[in-house]
There are 2 protein chains.
Amino acid sequence: MTIDTISKVTLKHIAETLGISITTVSRVLSGQARKYRISQETESFIRNLANELKFVPSQLARNLRLNRTTTIGLVIPDISNPYFAGIANKVTVEAHRNGYGVILCDSQGNIDMEIESIENLRSRNVEGLILCPVGQSGQHLKDYESNNYSIVLVDRYFAEMSLSHVASDNRNGSKIATNYLIDKGHQRIACLQGLHNTSTNEDRVKGYSEALSGHNIKIDTSLIAGDSFSEQSGYVETKLLLKKPRRCTAVLALSNLIALGALRAISEEGLKIPDDLSIISFDDQPYMAYLSPPMTTVAQENAEMGQIAVKMLFDRIRAPHTNPGGGILLPTHLVHRKSVKEISLI
Amino acid sequence: MTIDTISKVTLKHIAETLGISITTVSRVLSGQARKYRISQETESFIRNLANELKFVPSQLARNLRLNRTTTIGLVIPDISNPYFAGIANKVTVEAHRNGYGVILCDSQGNIDMEIESIENLRSRNVEGLILCPVGQSGQHLKDYESNNYSIVLVDRYFAEMSLSHVASDNRNGSKIATNYLIDKGHQRIACLQGLHNTSTNEDRVKGYSEALSGHNIKIDTSLIAGDSFSEQSGYVETKLLLKKPRRCTAVLALSNLIALGALRAISEEGLKIPDDLSIISFDDQPYMAYLSPPMTTVAQENAEMGQIAVKMLFDRIRAPHTNPGGGILLPTHLVHRKSVKEISLI
DNA sequence: ATGAAAGCGCTAACAA
DNA sequence: TTGTTAGCGCTTTCAT
C-alpha cells in the first residue's frame with residue numbers, strides 16, 4: 001500500500017525529462033541558481049516544469065541529508081489547563097515565526113508519560129525541547145545537563161540542576177499576596193499547596209512563610225495543607241480546614257484549580273467570600289474576573305514565559321556548546337479584585 | 001556547524017563494533033529478530049550494546065525509507081481557548097496511543113494563517129490533517145474533496161462540501177436551551193451570535209429560531225446581535241441590548257467568551273443574574289460552575305470530538321481511496337445551574 | 001540464520 | 001555553468 005499523501009514528483013523526474021543533472025535542478029529549486037550561475041534558460045526550463053508538475057521538495061529527504069528537522073518538541077502536563085495553554089500558544093506561534101514546527105506532547109501530569117514523550121520526541125529528531133516538567137525530581141534529565149542537547153524548562157525547574165529555564169518568581173508572588181492579606185488584618189492564613197518538592201510549590205510556600213515571619217506571625221503548619229495542584233485537592237483540604245476549631249480568615253490557593261476546589265468547598269459550607277473568608281488564587285485567568293466574587297489573584301506572565309522559552313531554546317540550538325545560561329524568573333503581580341476583605345485585628 | 005542534537009549512534013556503529021552486518025542489527029532493533037530467526041546470542045549482543053550506547057533509531061532515515069512520518073497535523077484557532085484546548089488534548093493523547101506525533105499549529109483565528117499552516121504541515125509530510133477551520137468558506141479546502149489526502153474537520157464544517165467532519169449538534173443544543181428558557185416563562189430572548197456564515201453560528205441561530213417558532217413566538221431580529229465569538233463582541237452587544245426600551249428577559253450566548261463579555265456588561269449595568277436577567281451560555285467549562293451565579297450551559301462533548309476526529313482520520317489514512325465518509329454530529333445537553341430564573345408570563 | 005547491495009530524495013564536495 | 005559522486009541512516013529484496 002503506497003501512501004500517496006506524499007508527493008511523487010522528485011528532482012530526478014525533472015532532471016530526466018529535461019535531460020540535465022539532478023544537481024542543477026536541486027540548485028535552482030532550492031534557490032541557489034544565482035550562486036551557481038545557472039543560465040537563465042536552464043533555470044526557467046526547470047522552474048516551469050516544476051510548477052507544472054507541482055513539485056514539492058521532500059522535507060523527509062532534506063531532513064535526512066541536512067540532519068535537521070526545523071522542529072522542536074513541547075511537553076505540557078495538560079494542555080486543557082488554560083495556564084499551560086497560554087504557554088503553548090506563545091511557543092507555537094513564536095516557533096512558527098522562526099520557521100520551526102512544534103510537536104506537542106501531553107504528559108497528562110504523569111512522569112512516565114513525560115519520559116516517554118521526551119524519548120519519542122528525540123527519536124523524531126526534534127532540534128530542541130521545551131518542557132514543563134511534572135516530576136518531583138529531575139533525575140531523568142541528568143543527561144541534558146551536559147550541554148549537548150538543547151532543552152529548556154518552563155514553569156518549573158530543578159534547583160539542584162543546571163538546566164536552562166524560565167519560570168515565575170513564585171516566591172515573591174506568594175510573599176506579596178500574603179503580605180497583602182496581612183495588611184488587611186488577616187493573621188490566620190491557610191495555604192493550599194500543590195505537589196510537594198516542585199519548585200513551583202516550594203517557592204510559593206517559602207514566600208508565604210517569609211511574609212508571615214516578616215510580620216512576626218507564627219507559622220501554624222496545620223494551616224499548610226494539600227498535595228496536588230488539582231481541583232480535588234483544593235476541595236478536600238478546604239473542607240477539612242473549615243471543620244477546624246479556630247478557623248482561618250483567609251486562604252492562599254497555590255493554583256487556579258486548587259482555588260476552584262476551594263470555592264466549591266466554601267460554598268458547600270454555606271460561607272460567603274469575602275465576608276466569611278478571604279481568598280487569593282495563583283494564575284490569573286480571564287474568567288477570574290467573573291467569579292463570585294471577582295477573584296484577587298497572583299498573575300504570572302505566562303505568555304512571556306512561552307516567548308522567552310523559545311528564544312532561549314533557539315539560542316541554545318544555535319550555539320549548543322556554550323554553557324546552559326541558567327534560568328530566568330519572571331515577575332508576578334497581584335491583581336486586586338474583590339475576594340479579600342479587610343478585617344479588624346482580634 | 002554540525003548539530004549534535006541528533007543521536008550519533010547508528011546501526012552501522014553497532015554492526016561494526018560487533019562485527020556483524022547492519023541488516024542483522026536492523027532486524028533485531030526493529031523487532032524482527034523472530035521473523036528472521038536471529039540467534040539468541042546475536043540478539044542479546046545487539047540489544048546489550050544498543051542499550052549501552054543508548055541507541056535511538058533515526059526516524060528521519062526511517063521516514064525517508066518507508067515514506068511515512070507517523071505524524072499528523074493539528075490546526076487550532078486558539079489553543080488558549082479551553083474549548084479548543086480540550087479538543088487538542090484528546091487529539092494528541094489519542095494520536096500518541098497510536099504511535100503518531102502531532103504537529104500543532106495555531107491559526108490565531110486567521111484564515112491566512114490557517115492556509116499557511118496547512119501548507120507548512122503538508123510540506124512536513126504529515127500523513128493527515130485535523131483542522132478546526134476558522135473561515136466562512138471552505139474554498140481553500142477544495143483540493144481535499146478529491147479523496148487523495150486525509151483531512152478531517154472538527155467543530156465546524158462546510159455544508160456544501162464533502163469533507164469528513166465531527167461537530168456538535170449545535171442546532172439541537174440551541175433549541176433545547178431556548179425551549180428551556182421559554183418553559184421558564186421567557187418570551188423576549190436575545191441571541192448573542194458569533195461569526196456569521198460558520199456552521200457553528202448558523203446552526204445555533206437556527207435552533208434558537210426553531211424553538212421560538214415552535215412556541216409561536218415571533219422572531220424579533222433586533223434581538224439577534226453580534227458577529228464574533230469573542231468576549232468583546234459579547235460585551236458590546238449586551239451593552240447595546242440593555243439600552244433598548246422593551247428589554248429582553250433572557251440571553252442566549254453562543255459561546256463561552258461571548259458569555260463572559262455579557263457578564264461584564266450586565267454587571268456594569270448593575271443588573272443581577274438571574275433576578276434581572278437570565279442567561280445560558282454555550283461551552284461548559286470547569287469554571288462555569290463557579291461563576292456568579294453558576295452558569296447554566298449547553299455542554300458539548302469536545303473530548304469525544306477530538307477522539308472521534310483522530311479515529312476518522314486514521315480510518316482515512318488507512319484507506320485513503322474510500323469516499324470521505326461524511327460527518328458526525330455529537331449530541332449536546334443542557335447543564336442546569338443557577339443563571340435562569342422562572343418568570344411569570346406578562 | 002546472516003549478509004550484500006540497492007535505494008528512499010536530497011545536498012554538497014569536488015571536478016571539469 | 002554544469003555534472004559526478006558520495007553519502008545521510010534506514011529497510012528490504014535477493015542471495016547464501
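Reminder, nothing fancy here: chain letters follow the sequence lines and each chain counts from 1.
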What's the [atom1]-[atom2] distance between [X] and [N], to the nearest Å?
X	N	atom1	atom2	result
Leu66(A)	dT11(C)	CG	C1'	7 Å
Arg68(A)	dT11(C)	CZ	C1'	13 Å
Phe55(B)	dG9(D)	CZ	P	10 Å
Gln32(A)	dT11(C)	CD	P	8 Å
Ile38(B)	dG3(C)	CD1	C1'	10 Å
Arg62(B)	dC8(C)	CZ	P	18 Å
Ile22(A)	dT5(D)	CD1	P	12 Å
Leu11(A)	dT5(D)	CG	P	18 Å

Can you find a donor-acceptor N/O pair under 3.5 angstrom joining the side chain of Thr23(B) to the base of dT12(D)? yes
Out of dT2(C), dT11(C), dT2(D), which nucleotide sits closest to the side chain of Arg27(B)? dT2(C)
Which nucleotide sits closest to the side chain of Thr24(A): dG3(D), dC10(C), dT13(D)? dG3(D)
Is any side-chain N or O of [X] closer than 4.0 Å to OP1 or OP2 of [N]?
X	N	answer
Thr42(B)	dT2(C)	yes
Ser26(A)	dT11(C)	yes
Ser21(A)	dT2(D)	no
Arg65(A)	dC8(D)	no
Ser39(A)	dT2(D)	yes

Which label fits Phe158(A) and His140(A): parallel for a plane angle under 30°, tilted from 30 to 60°, or perpendicular past 60°? perpendicular
Distance-only donor-acceptor check, side chains His96(A) and Glu116(B), under 3.5 Å: no
May I ask you to check whether Thr71(B) and Arg124(A) show a side-chain donor-acceptor distance below 3.5 Å? yes
Please walk me through it: do Ile72(B) and Ile317(B) pass side-chain contact (heavy atoms from CB on, under 4.5 Å)? CA-CA 10 Å; Ile72(B) 62 172; Ile317(B) 288 175; 4.2 Å; yes
Go nucleotide by nucleotide along DNA chain C from the 5' end; which of Gly19(B) and Leu64(A) gets its closest nucleotide reached first? Gly19(B)
Do any N or O atoms from the side chain of Asn89(B) and from the backbone of Ala85(B) form a donor-acceptor pair under 3.5 angstrom? no
